[in-house]
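Structure record follows, encoded as structure tokens.
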Amino acid sequence: MRIKFDIRKAYFAAAIVVVALLAVIPRTDLGREYNAALIAAKAGIPNTVTAIYLKNRLYDTMFEVMVFSISISGALYFLKKENKFHLEDTLFTDPATIIIFRGCAMLSFLSACALATVGHLSPGGGFAAGVAFGTSMVIQSLISDRNHLSNYLSMERPERFEKSSWMLILAISLLTFSGIIPSNGIWGSLLSGGWVPLLNILIMIKVGLGTWALSLGFLDHKWIF
Amino acid sequence: MFKTLLNYLGGVPLDVVFLARLLLLSVILIGLWGVLFKKNLIMKIIAMDIMNTGAISLFVLSSWYRSKAPVIAEKGSSIPASDPVPQAVILTAIVVGFSVLALLVVYVMDLSRYFHTLDTDRIQNRWKR
């Protein structure tokens, strides 16, 4: 008699065992009192999450941003093989919808600016601001007169600006690694924390434009409609 | 009896955090079930994203402490707040998960254009020919 062996069921059984082990690991509250305060005092900015990913783990963040950039390049390469589909007819043309979408885009963009500029003083930061910025640009590209965006930004290749802002992030990271860091400044002021505010704004531009380029690639592709 | 058993298993009290951890681990298991046993490629991708969400939420839960954000009000104050290290670590996973999702969707689009199906068994049969 031959026992039917399915490797997928074996994987699932092993995963159940691992999850059961993870469920009974005790939870510790050690180190919670002084860990955050120590990190904040050393970095010079109140938001400790931003302090970790832009100061303690800047090397990690630099290559994370590179992974994002390369994956967007790959996705756009595969999307551009086919002819582009111009979907002027399927976009929203209703004036009420256009006004509401423009208002939502403005609110989203303003929240992105706020999250990026005070991201080192309050909860927020570059990545959250980038997602908000990308959302506002995608909302703008869903309405029918989206071509008026080309007065301000190049609609054709937003990934070009994205790559250049990644080069700026790389340059600032290399300056930091070679020891050229501005002083921390006054605790809680807008320009405190060395390169952190500038890096926040650059990461916002990079992530937002990358998201927008990817969404434009998917929106203009023939496969979806 | 049940409580003593739980204490024996590692001193985990039966509270909200433990129940939320069980919930998030079951979310990860549901995602893994979808990745392994679903036949449609789009469903596989959605299940992978569910798994990613469960893992991210598990990290955020592990850093949770009395719902206080890790933002220090004054310099040198030692008020207990959430642990900032797991949140900063999992930020990388969010961005990389988004990148992997975008690449997977594009690759599945190419596959479906070539094979005219999304079913994994049919794709496997046509691949062999």
Side-chain angles (χ1 to χ4, degrees), chain A residues 8-9 11-12 15-16 19-20 22-27 29 31-37 39-41 44-53 56-57 60-61 64-65 67-72 74-79 81-82 121-123 125 127 187-188 207 211 214 217-218 221 223-224, chain B residues 6 8-13 15 17-18 21-22 25-26 28-29 32-33 35-37 58 61-66 68-89 91-96 98-107 109-110 112-113:
Chain A
R8 294 179 293 182
K9 283 175 186 163
Y11 272 132
F12 197 63
I16 287 175
V19 160
L22 279 176
V24 296
I25 288 175
R27 175 186 159 86
D29 283 337
R32 221 149 265 187
E33 287 79 14
Y34 55 87
N35 203 356
I39 293 165
I45 52 177
N47 190 349
T48 43
V49 178
T50 309
I52 287 177
Y53 76 74
N56 298 20
R57 296 167 62 92
D60 190 16
T61 305
E64 169 198 354
V65 165
V67 165
F68 185 70
S69 198
I70 287 175
S71 90
I72 281 172
L76 287 175
Y77 171 74
F78 277 114
L79 284 172
K81 281 204 301 192
E82 198 79 350
L121 305 178
S122 65
F127 290 100
W187 172 270
V207 173
T211 315
L214 194 64
F218 275 116
H221 200 264
W223 190 80
I224 293 185
Chain B
L6 274 179
Y8 176 72
L9 281 174
V12 186
D15 58 351
V17 174
F18 181 63
R21 189 198 278 177
L22 283 186
L25 286 172
S26 57
I28 293 179
L29 272 185
L32 186 70
W33 176 79
V35 169
L36 287 178
F37 296 113
L58 200 67
L61 180 76
S62 82
S63 79
W64 181 82
Y65 185 74
R66 286 182 200 165
K68 271 182 188 149
V71 177
I72 307 298
E74 299 156 21
K75 194 169 188 176
S77 74
S78 61
I79 303 166
S82 293
D83 201 354
V85 180
Q87 298 190 10
V89 167
L91 210 83
T92 313
I94 294 172
V95 176
V96 172
F98 177 68
S99 316
V100 169
L101 194 71
L103 271 183
L104 270 179
V105 168
V106 172
Y107 185 59
M109 278 164 74
D110 250 23
S112 75
R113 196 184 299 130

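Here is the naming used below: chain letters follow the sequence lines, and residue numbers restart at 1 for every chain.
- For a residue to count as touching a neighbouring chain, one of its non-hydrogen atoms must lie under 4.5 Å from one of that chain's; by this rule A:Leu22 touches chain B with backbone and side chain alike.
- Heavy-atom distances place no part of B:Tyr107 under 4.5 Å from chain A, backbone and side chain included.
- With a 4.5 angstrom heavy-atom cutoff, B:Val35 does not touch chain A via any of its atoms.
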Worked verdict on B:Ile94 versus A:Phe127 for side-chain contact (heavy atoms from CB on, under 4.5 Å): CA-CA 10 Å; B:Ile94 294 172; A:Phe127 290 100; over 6 Å; no
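- Looking at heavy atoms from C-beta onward, A:Tyr53 lies out of side-chain contact with B:Thr92 at the 4.5 angstrom threshold.
- Using a 4.5 Å cut-off between heavy atoms, A:Phe68 touches chain B through backbone and side chain atoms alike.
- Minimum heavy-atom separation, A:Thr211 to A:Ile72: N-CD1, 4.3 Å.
- Heavy-atom distances place no part of A:Ile45 under 4.5 Å from chain B, backbone and side chain included.
- For A:Arg57, the part lying under 4.5 angstrom from a heavy atom of chain B is the side chain only.
- By the side chain to side chain donor-acceptor pair (under 3.5 Å) test, A:Thr50 pairs with A:Asn47, sequence neighbours left out.
- For A:Asp60, the part sitting under 4.5 Å from any heavy atom of chain B is the side chain, from C-beta outward, and nothing else.
- B:Ser26 contributes a side-chain N or O that, together with a main-chain N or O of B:Leu22, makes up a donor-acceptor pair within less than 3.5 Å.
- The environment of CZ in B:Phe37 is crowded: more than 12 heavy-atom neighbours from other residues, nucleotides or ligands sit within 6.0 Å.
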